[in-house]
2 protein chains.
Amino acid sequence: MNQEFHRQEGNIEGTGFLPGLAIDTVIFGFHDGQLKVLLLEYKNTGLYALPGGFVHDDEDVNEAARRVLQNRTALNNIYLEQFYVFGDYSRYDPTPLKAIMKARGYSPPANHWLLKRFVSVGYYALVDFTRAIPAPDEISDSCNWYNLHELPALMQDHQQIINKALETLQRDLDRKLIGFNLMTEEFTMGDLQSLYETILNKKLIRAAFQRKMLGLGILERVAKKWTGGAHKAPYLYKFASNKTMVDKS
Amino acid sequence: MNQEFHRQEGNIEGTGFLPGLAIDTVIFGFHDGQLKVLLLEYKNTGLYALPGGFVHDDEDVNEAARRVLQNRTALNNIYLEQFYVFGDYSRYDPTPLKAIMKARGYSPPANHWLLKRFVSVGYYALVDFTRAIPAPDEISDSCNWYNLHELPALMQDHQQIINKALETLQRDLDRKLIGFNLMTEEFTMGDLQSLYETILNKKLIRAAFQRKMLGLGILERVAKKWTGGAHKAPYLYKFASNKTMVDKS
DNA sequence: TTATTATTGTAACATATTGATACAATAAAA
DNA sequence: TTTTATTGTATCAATATGTTACAATAATAA
């Protein structure tokens, strides 16, 4: 929940936004056999946080999440799913936001709307690491990928949000065909298995995995991939029915 | 989202509550082979709605949901799960609430907090029909069970909320052992199968169902049930490990 | 008492799914 | 040409699920 700050800093009442409601998005990517998460780093504060934002008072909540996502990744048509509302009272802690504003040379009044209690709607997104172009917002130094298991200390309860997002992703993985959203356009069976193994955090049986994936009838063989290794070249596959890749909610 | 009205009607600013945030709970029961839902009927308006409420500004959102549930059913320790946030702008329609207040002889000012846009957190609960004691709130004529497939016209998007709750329940049904929360203390295998069939809206194979349920190792045979029918008496079962019945979130 | 009837509990077999092993095919390097 | 590692797939084993069948009852009727 950290966007449009610039314009909203002076907007003490939070006019034009739904009060007390934030959006936090866990944007997953996959690269080099590792799950990645997009994080923002705030200027002069050392604070890391999930990309997020607020909801315009004439905007759907899901629409706001899509806007945030699009602003951080420069991608549209992305798989995005709402997964949980974080609404514990214990989340309420204005210190980090105060620090962020202070670091920008702004001393907010105590009743500034951003310093009040917020409830946050959690979303997770699955993006093609190679196509996303991480872009910081006005109050951030950087927007970068971090290995899921090597994250810096995060603001507020953002680590918990990520944990819950991962749990949800694990549950959803074989129920829907969403894993493909994390792949590049073309990939080998090994790539795909590596993705599944990383998400589920367990080894899978190669033969059974391949049989199952091919049995789904959604993979199209594109070409062979000469890796330069001293062995048979694997096939490159493409996800056939891109209809089901994206879930516009 | 219709509770504590009495006290809040005069509270034009909504002091003490999180602004713009409501809770709606789909309370499922099961009786006579039918899924039931608890609905409130508002006084003098003909409006039906899901039990709901607002969140105190020093209260967890999940806690508020539990409070609402407890107030409507006089039960605690109930299976309750948050399942979706309804945040479309198109939900925004102050007419029903205005009608409810008018029916109570109160003409709210246009800027009354209850007439503003609300985002609603959806919860579903699974209760033992025979133990719940439906209780209306101050602004309702009645709080009663309705057959899921014979519901009256509902306020706002409450029908959609129920639809989504049912979808979630169907998905969660075999992933977790939550079906038992809808059963009475003791039940026959036929009862349980009927519950599953009703929720999933499809016939199940008797032999396979029984085998699977017994294979879970969580059913305890209690006694036999003499139904008075001209046939073998079925066993009564009890859910053994009541640890997993309740999910306190 | 003794059939008759409907329903339950479970065995038995068929089919489908997944786990485990094996092996031929094959790029590149030795 | 041989060696090496990896891929694609066949084969069989183990498990899970679908299907049929049937003995074991409670009540009822004869």
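Lettering follows sequence order; numbering is per chain, from 1.
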Which nucleotides of nucleotides 24-30 of chain D have their base under 4.0 Å from a protein heavy atom (B), which only their sugar-phosphate (S), and which neither (-), written as one string 5' to 3'?
BBBB---
Is it true that [X] and [Y] make a salt bridge, defined as a side-chain N closer than 4.0 Å to a carboxylate O?
X	Y	answer
Glu186(B)	Lys225(B)	no
Lys36(B)	Glu150(B)	no
Arg91(A)	Asp88(A)	no
Glu59(B)	Arg66(B)	no

Separation of [N] [atom2] from [X] [atom1] (nearest whole Å):
X	N	atom1	atom2	answer
Leu192(A)	dG8(D)	CG	C1'	15 Å
Lys203(B)	dT19(D)	NZ	P	14 Å
Lys225(A)	dA28(C)	NZ	C1'	16 Å
Leu236(A)	dA27(C)	CG	P	13 Å
Ile205(B)	dT8(C)	CD1	P	16 Å
Lys202(B)	dG18(D)	NZ	C1'	12 Å
Tyr235(B)	dT7(C)	OH	P	19 Å
Leu200(B)	dT17(D)	CG	P	14 Å

What's the spacing between [X] [atom1] and [Y] [atom2] if we round to 0.5 Å?
X	Y	atom1	atom2	value
Tyr84(A)	Phe86(A)	OH	CZ	7.0 Å
His149(B)	Asn147(B)	NE2	CG	9.0 Å
Ile27(A)	Leu69(A)	CD1	CG	5.0 Å
Thr184(A)	Lys238(A)	OG1	NZ	12.5 Å

Return the orientation label for the Tyr124(B) and Phe28(B) ring planes: parallel under 30°, perpendicular over 60°, tilted otherwise.
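Tyr124(B) and Phe28(B): perpendicular rings.
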Angle between ring planes, Phe180(B) versus Phe187(B), binned at 30° and 60°: parallel, tilted or perpendicular?
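The rings of Phe180(B) and Phe187(B) sit tilted, inter-plane angle from 30° to 60°.
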Test item: side-chain donor near acceptor, Asn163(B) and Glu167(B), under 3.5 Å
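Short answer, no.
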Between residues 206-214 of chain B and DNA chain C, which residues have a heavy-atom gap below 4.0 Å?
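Contacts with DNA chain C under 4.0 Å: Arg206(B), Ala207(B), Gln210(B), Arg211(B), Leu214(B).
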Given axes from five pairs at either end, by how many degrees does the helix from dT1(C)-dA30(D) to dA30(C)-dT1(D) bend, rounded to 10°?
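Both end axes considered, the difference amounts to 20°.
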